Amino acid sequence: MRRVELPNDTIALARFLIGTVLVHDAPEGRVAGRIVETEAYLSHDPASHSFRGPTKRNASMFLGRGFAYVYRIYGTKLCLNVTSESPGIGAAVLLRALEPLEGVEIMQARREGAALRELARGPGRLTEALGVSADVDGADLCKRGTLWLAASLTSAGVIGRSTRIGLTKAAEDVLRFYERGNPYVSGPRWLSV
DNA sequence: CAACGGATCAGCT
DNA sequence: GCTGATCCGTTGG
């Protein structure tokens, strides 16, 4: 698998990542999936954790393009982002769903035998299936490490666009991207037509 | 220093 | 469709 060269712009990155492969070389073995759904969180975006400037939690959002930003949500789940833009600018792309490609049995073990379609469908399920923990926060995803991005094996299908999911702020911004017709995309059906 | 609340999910109605 | 679980960084007094 080839490593990737990422676009700098957050929206361009959110589109680019659809079809890109996310690989986790864990102790149990390699787990990989094709990214099928993303959301862009821009600089000066009220819905973004970077909105009020750098803090301890969001520090990795300001590293520039291609790093992992991992945070805990609702006390229970982790979410994984790919950072974007230049160092000092807080922006990132949330990875919301994967189409499982490799290491399905490992993912199923981590996800308590969830059905294939549900393995990595949703941001919290994605991190659980991959075995991503908070300590990968700040890791360089373009470098071939334990968690890294590989070039698409197949070209992405038609990319659809909608409002982002689960927000209270800036809920009207159309910054969610997904592969049309892909069954591994999360969220309500009507958002993904 | 206490309270708040969220880029979620599973389980139940 | 609705609700509870459950954490910790951030915020305000």
Side-chain angles (χ1 to χ4, degrees), chain A residues 9-11 13-18 20 22 33 35-63 65-85 89-100 107-139 141 147 159-179 183-192:
Chain A
D9 176 77
T10 308
I11 292 177
L13 178 63
R15 299 186 70 103
F16 175 89
L17 287 174
I18 304 292
T20 300
L22 180 63
I35 298 166
V36 296
E37 182 185 356
T38 62
E39 281 177 359
Y41 288 86
L42 312 179
S43 162
H44 309 299
D45 174 355
S48 174
H49 292 168
S50 62
F51 187 59
R52 293 167 192 276
T55 63
K56 190 176 177 184
R57 170 174 73 152
N58 67 19
S60 53
M61 283 189 92
F62 293 81
L63 291 173
R65 104 177 98 155
F67 295 87
Y69 166 49
V70 180
Y71 68 92
R72 185 170 300 279
I73 187 167
Y74 299 115
T76 55
K77 306 289 191 264
L78 294 173
C79 292
L80 171 66
N81 297 251
V82 181
T83 62
S84 59
E85 308 293 338
I89 297 177
V93 173
L94 172 69
L95 304 183
R96 288 195 55 92
L98 295 182
E99 176 180 338
M107 294 195 228
Q108 265 166 342
R110 294 203 184 105
R111 293 263 305 120
E112 296 177 338
L116 181 65
R117 183 161 178 270
E118 308 293 320
L119 269 190
R121 185 171 174 272
R125 294 165 174 171
L126 183 153
T127 54
E128 191 179 1
L130 276 184
V132 165
S133 60
D135 54 31
V136 308
D137 183 55
L141 299 176
L147 184 65
I159 295 178
R161 203 172 165 165
S162 80
T163 52
R164 294 174 290 186
I165 293 177
L167 300 188
T168 52
K169 291 166 262 175
E172 66 288 349
D173 291 350
V174 182
L175 292 172
R176 171 174 171 265
F177 301 87
Y178 58 92
E179 185 173 47
Y184 299 96
V185 170
S186 80
R189 270 273 251 294
W190 60 269
L191 262 189
S192 305

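Note that this is a predicted model, so its numbers are computed, not measured. Quick note on labels: first sequence line is chain A, next is B, and so on, each numbered from 1. Computed over heavy atoms, backbone and side chain alike; hydrogens, waters and symmetry mates excluded.
Within the 4.5 Å cutoff, the side chain of A:Leu80 has heavy atoms near those of the A:Leu22 side chain. Residues A:Val82 and A:Thr38 are not in side-chain contact: their nearest non-hydrogen atoms beyond the backbone lie 4.5 Å or more apart.
Rounding to whole angstrom units, CD of residue A:Glu37 and C1' of B:dA7 are separated by 11 Å. Here B:dA7 presents its C1' atom at 8 Å from CZ of A:Arg164, a figure rounded to the nearest Å. At whole-Å resolution of the value, CZ in A:Phe51 and P in B:dG5 are 17 Å apart. Per the geometry, CZ belonging to A:Arg117 stands 14 Å off P belonging to B:dC9, to the nearest Å. The distance from atom CD of A:Glu39 to atom C1' of B:dG6 is 14 Å, rounded to the nearest whole Å. Across the protein-nucleic acid pair, A:His49 atom NE2 and C:dC8 atom P stand 15 Å apart, rounded to whole Å. B:dA7 atom P lies 11 Å from atom CE of A:Met61, rounded to whole Å.
Interatomic distance, CD of A:Glu39 versus CG of A:Leu95, reported as 10.5 Å (0.5 Å rounding). The line from CZ of A:Arg96 to CG of A:Leu126 is 10.0 Å long, rounded to the nearest 0.5 Å. We find the CD-CZ distance between A:Glu128 and A:Arg110 to be 9.5 Å, quoted to the nearest 0.5 Å.
Residues passing the ring pair (Phe, Tyr, Trp, His ring centres under 6.0 Å) test with A:Tyr71 are A:His49, A:Tyr69, sequence neighbours excluded. Remark: A:Asp173 pairs with A:Arg164 by the salt bridge (charged side-chain N to carboxylate O under 4.0 Å, His left out) rule, at least two apart or across chains. Among residues two or more places apart in sequence or in another chain, the salt bridge (charged side-chain N to carboxylate O under 4.0 Å, His left out) test is passed with A:Glu85 by none. Taking the salt bridge (charged side-chain N to carboxylate O under 4.0 Å, His left out) definition, one finds that A:Arg176 meets it with A:Glu37, sequence neighbours left out. The side-chain hydrogen bond (donor to acceptor under 3.5 Å, both in side chains) check on A:Ser48 picks up A:Ser50, with sequence neighbours excluded. The side-chain contact (heavy atoms from CB on, under 4.5 Å) search around A:Arg15 returns A:Ile159, A:Arg161, A:Phe177, not counting sequence neighbours. Partners of A:Arg65 under the salt bridge (charged side-chain N to carboxylate O under 4.0 Å, His left out) rule, at least two apart in sequence or in another chain, do not exist in this structure.
Contacts between residues 65-79 of chain A and DNA chain C, defined by a heavy-atom separation below 4.0 Å, involve A:Tyr74, A:Gly75, A:Thr76, listed by number. Applying a 4.0 Å cut-off to non-hydrogen atoms, the residues of residues 118-128 of chain A that approach DNA chain B are A:Gly122, A:Pro123, A:Gly124, A:Arg125, listed by residue number.
Between the side chain of A:Thr83 and the main chain of A:Leu63, no donor-acceptor pair closer than 3.5 Å is present. For the pair A:Asn58 (side chain) and A:Gly53 (backbone), a donor-acceptor distance under 3.5 Å is present. A donor-acceptor pair under 3.5 Å is formed between the side chain of A:Arg125 and the backbone N or O of A:Arg121. Using a distance-only test at 3.5 Å, with no hydrogens or angles considered, no donor-acceptor pair links the side chain of A:Arg72 to the main chain of A:Ala134.
Of the two residues near DNA chain B, A:Arg111 and A:Asn81, the one whose nearest nucleotide lies more 5' is A:Asn81.
Listed by first residue number, the stems of DNA chain C with at least three Watson-Crick or G-U pairs below 3.5 Å are B:1-6 with C:7-12, B:8-12 with C:1-5.
The gap from the C1' atom of B:dA10 to that of C:dC8 amounts to 22 Å, rounded to the nearest Å. C:dT6 sits 22 Å from B:dA2 when the P atoms are compared, rounded to a whole Å.
Close to C:dC7, at under 4.0 Å from its OP1 or OP2, lies no side-chain N or O of A:Arg57.
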For nucleotides 1-4 of chain C, print each protein N/O atom paired with a nucleotide N/O atom at under 3.5 Å, atom names and distance only.
none

Could I get a table of every N or O pair under 3.5 Å where one atom is in the protein and the other is in nucleotides 11-13 of chain C?
none

